[in-house]
Trainee: 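Please see the structure below; I have some questions.
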Amino acid sequence: MNLRESLNPNQLEAAEHIDGPLLILAGAGSGKTRVLTYRVAQLIDDVGLDPQQILALTFTNKAAKEMRERIDALLGDGRAPNWVGTFHAISTRILRREAENFGLNRYFVIYDGDDQLALIKRVMKELNLSDKQFAPEAIRSYISGAKDQLINPEDYADRGNNYFEQNVSRVYTAYQNALSDNNALDFDDLIMQLVVGFENVPSLLEHYQERFQFINVDEYQDTNHAQYRLINLLAKKYRNLCVVGDDDQSIYAWRGADIKNILEFEKDYPESKVVRLEQNYRSTKAILEVGNTVIKNNKGRTGKELWTENPPGDQVVVIETMDERDEGREVTKKIREEMDLSNRPLRDFTVLYRTNAQSRALEDELRRASMPYVIVGGLRFFERKEVKDILGYLKVIVNPRDSVSFRRIVNTPPRGLGNVSVEKIETFAVAQGLNTIEGLVHSKEAGLTPSATRSAQALGTFLADLAERQETVAASEITEQVIKETSYLRELEIEAARSVEAETRAQNVRELLAAVEEFSERTDPPLVRVFLEEAALVSDFDRWDESVDRVTLMTLHNAKGLEFPFVFIAGMEDGLFPISRAMESQNDLEEERRLFYVGITRARERLYISYANLRRRFGGAMPGIQSRFLSEIPEELVEKLSTVRHPASSWGGGGGDGDSFGYPQAQPQQREASTPFGSLRLAEGKKVRHPVWGDGQIMQINGSGSNMRATIRFGGVTKKVMVKYAALETIK
DNA sequence: CTCTCGCCTGTTTTT
DNA sequence: CAGGCGAGAG
């Protein structure tokens, strides 16, 4: 392995740094994975470190896998470190190993967002909190936020809270107890419990500090406080901590990521070395310049300016389209053109968008054009109803205390065990100190109707039998038995004859079966609980096989860390991107801009950006006004295309109010304004009442959502108002 | 107890 | 438009 030949001077400086903290500020496409892998390989090969002393943390399994493989390839002798994984996977691994020391049961199950919500709803019911008054989803996100901040229920209760938070606090306390009763941890717990555990048991922390003398963290700008703390604890003793990140690509503030972690790294580790990687190896000069100019509009960044020796490349293409279908057609057309022009495979193309819902129209058009595609993300495979149903059985088998899964499966498919019976069984089980399976088996004593008793006992026996055999039998066999016994697949297949959805669901079940079989073949021993672990921690993104030749569709968030020769960013409209909720605060808007930056910098050769003048959402239509971000792109770097017929005079001229991109904006009849008082539908010509100026007529509307401005004539005077602040009401 | 119908409401992003 | 939820019938 020759570092000198493979790396540029800055990369080399980072890769050769051995002792002490290291911060690598790595711009998009600057080869950070390369540096990271070389560094680790070097630590092992040249410095002679035991690979097991190295810990490497990533955010996706895919990134972890890639890193492991690349290190392996460099070393070429199978000595690659074993502790390379996502925060969640590594934490889980330690938690299970040390469960007894942390006061946990090592067979805990992992609850995803769905399970969390189900449990929260139940807890709320027990507390007599109306889910109308307090949205369970909102409570869930508050609790999740608290855990990201390492705030436990007691601390949460002690903070000066408002009324809503006081109720969150009650739920949080009860929810946490319920989790423990269920022997379950939610996603956020995986990190938090480990931190808490380490803090409570110093000897254990010390053990792991000794074990992991060299720690690497990828995407450091995305760490939240709990993750930060975890790293901090582990690295405290030897301070051999290498973090890599890019503050310009921080796009997860909404889930607790704290950009301060990277900005203040040097404060935390004053002796640290800082290396900047600013040479970009990925994109053309044009693309990079577009990215640079856009991101410059953000304040509060460490300030990098990427450069490249790559060719200048083509202008960025901005396409105006009529509506989302037209946009889909246009994207398809451009892909075909590029393919024909330079003989490119489909896998060279990706279409990125802000919200998952946008994939639909794109899919329709791709399908119509018979262009194979794959959607990465969206509703995750392991979160689909039918898949979760089957997994629910497995979860109960592994952990019969899991009442969330128990409730899910006890009457799925219907077996005559309704609410009344289930509650009787549960009350009985709790009173007798039995788990759910035992409760079923002994349900004769629970006071059910005779037919319900029979049903419950049959289910109980079935589950107990599988639970008993789970250590000796492959996960695939257990899953097959569940599917057979419940007739789950058979029912779906019968239904599939007349319903397309049923066919899809049947396929998902078959795919699950295939996944368990694949797992059972490659794992030894192929235990159910290990399979469940994988299912819980593997995202759809990780399952994506990029070697198959097809167009990739995904959200901009999912695209981070990837690159494609041809990138399309669709739905470039105000209110959609930037998303309306983010348009009011500077911070949120800057995060949206970073997201745009991430999108731009995915492209190697060619970047297409499109927007639609009309976008159907829900039932109705929303006018599409081109995104404010478009005006931040220097005109000379842009080639404008449009499928919309314009009067010749409208072209290229500074149309109207100056914030336009040179296109005449669509003038649809109605636009929706969001105001603190709710949404308001306005249209030009409509009459409105203003609290100060009285009645008037709308002459012109600019912007949309919370940014809508209207020009209104009140008698003789014309006023421009910000709809959000004007407290208008419509009148006949 | 189960199923179906119709109403309501909601789309940001995810480990 | 779709998925969730409550009410009411069988």
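In what follows, chains carry the letters A, B, and so on, assigned in the order in which the sequence lines appear, proteins first and then strands, with residues in each chain numbered from 1.
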Trainee: Atom CG of A:Asn587 and atom C1' of B:dT12: how far apart are they, to the nearest Å?
Mentor: 17 Å
Trainee: Would you mind reading off the distance between A:Asp542 atom CG and B:dT15 atom P, rounded to a whole angstrom?
Mentor: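 Computing the A:Asp542:CG to B:dT15:P distance gives 7 Å.
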Trainee: Once you round it to whole Å, what is the distance between P of B:dT15 and CG of A:Leu57?
Mentor: 16 Å
Trainee: Under a 4.0 Å N-O cut-off, is there an ion pair linking A:Arg354 with A:Glu592?
Mentor: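 A salt bridge is present here (some side-chain N lies under 4.0 Å from a carboxylate O).
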Trainee: Check the distance between B:dT13's C1' and A:Asn224's CG and give it to me in whole angstrom.
Mentor: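 Whole-Å distance recorded here is 16 Å.
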Trainee: Using the side-chain heavy atoms of A:Arg354, tell me which of these nucleotides is nearest: C:dA2, B:dT14, B:dT12.
Mentor: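 Of C:dA2, B:dT14, B:dT12, B:dT12 is nearest to the side chain of A:Arg354.
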Trainee: Let's see if you can work this out: which of B:dT12, B:dC1, B:dT14 has an atom nearest to the side-chain heavy atoms of A:Thr355?
Mentor: B:dT12
Trainee: A:Trp254 stacking on B:dT12: centroids under 5.5 Å, ring planes under 30°?
Mentor: no
Trainee: Respond yes when some side-chain nitrogen or oxygen of A:Ser421 is under 4.0 Å from OP1 or OP2 of B:dC1, and no when none is.
Mentor: yes
Trainee: Tell me whether the ring of A:Phe59 lies stacked over the B:dT15 base, given a 5.5 Å limit on centroids and a 30° limit on the plane angle.
Mentor: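 A:Phe59 ring does not meet the centre or angle cut-off for B:dT15; no stack.
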Trainee: May I ask you to say what A:Leu537 touches in the nucleic acid, namely base, sugar-phosphate or nothing, with a heavy-atom cut-off under 4.0 Å?
Mentor: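 If one applies the 4.0 Å heavy-atom cut-off, A:Leu537 turns out to touch nothing in the nucleic acid.
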Trainee: Please report the distance, rounded to the nearest Å, between CD in A:Gln227 and P in B:dT14.
Mentor: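 Computing the A:Gln227:CD to B:dT14:P distance gives 16 Å.
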Trainee: Within less than 4.0 Å of OP1 or OP2 of B:dC1, is there a side-chain N or O belonging to A:Asn411?
Mentor: no
Trainee: So which one's nearest nucleotide on DNA chain B is more toward 5', A:Gln116 or A:Asn419?
Mentor: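 Result of the comparison: A:Asn419.
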Trainee: Among B:dT12, C:dC5, B:dC1, which nucleotide has an atom closest to any side-chain atom of A:Glu592?
Mentor: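 Side chain of A:Glu592 sits closest to B:dT12.
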Trainee: Tell me whether the side-chain N/O atoms of A:Thr555 come closer than 4.0 Å to OP1 or OP2 in B:dT12.
Mentor: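 For A:Thr555, the contact criterion (side-chain N or O under 4.0 Å from OP1 or OP2 of B:dT12) is not met.
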Trainee: If I take atom CZ in residue A:Arg616 and atom P in nucleotide B:dG10, what distance separates them, rounded to the nearest angstrom?
Mentor: 23 Å
Trainee: Ion pair present between A:Asp218 and A:Lys32, side-chain N to carboxylate O less than 4.0 angstrom?
Mentor: yes
Trainee: Given C:dC5, is OP1 or OP2 found less than 4.0 Å from the side-chain N or O atoms of A:Lys121?
Mentor: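 A:Lys121 to C:dC5 OP1/OP2: side-chain N or O found under 4.0 Å.
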Trainee: Rounded to whole angstroms, how far apart are NE2 on A:His88 and C1' on B:dT15?
Mentor: 5 Å
Trainee: Under 4.0 Å, heavy atoms only, any strand: does A:Asn558 hit a base, just the sugar-phosphate, or nothing?
Mentor: sugar-phosphate
Trainee: What does A:Asp188 touch in the nucleic acid at a heavy-atom separation under 4.0 angstrom: a base, only the sugar-phosphate, or nothing?
Mentor: nothing
Trainee: Taking NZ, NE, NH1 and NH2 as the nitrogens, is one of them in A:Glu137 or A:Arg140 under 4.0 Å from a carboxylate oxygen of the other?
Mentor: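 Looking at A:Arg140 together with A:Glu137, the answer is yes, because their closest N to O distance falls below 4.0 Å.
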Trainee: Using the ring of A:Phe108 (Phe, Tyr or Trp, six-membered ring only), decide whether A:Arg96 places NZ or CZ under 6.0 Å from its centre and within 45 degrees of its axis.
Mentor: yes
Trainee: Just compare B:dT14, B:dT15, C:dA2 and give me whichever is closest to any side-chain atom of A:Arg360.
Mentor: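 It is C:dA2.
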Trainee: What is the separation between atom CD on A:Glu137 and atom P on B:dT14, rounded to the nearest whole Å?
Mentor: 14 Å
Trainee: Answer yes when A:Asp247 and A:Arg301 have at least one side-chain N-carboxylate O distance shorter than 4.0 Å, and no when they do not.
Mentor: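 A:Arg301 and A:Asp247: not salt-bridged.
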Trainee: Between B:dT13 and C:dG4, how many Å separate the two C1' atoms, rounded to a whole number?
Mentor: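 The answer is 22 Å between these two C1' atoms.
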Trainee: Quick one: do A:Asp189 and A:Lys147 make a salt bridge, cutoff under 4.0 Å?
Mentor: yes
Trainee: Which part of the nucleic acid, if any, lies within reach of A:Asn356 when heavy atoms closer than 4.0 Å are counted: base, sugar-phosphate only, or nothing?
Mentor: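 It contacts sugar-phosphate atoms only.
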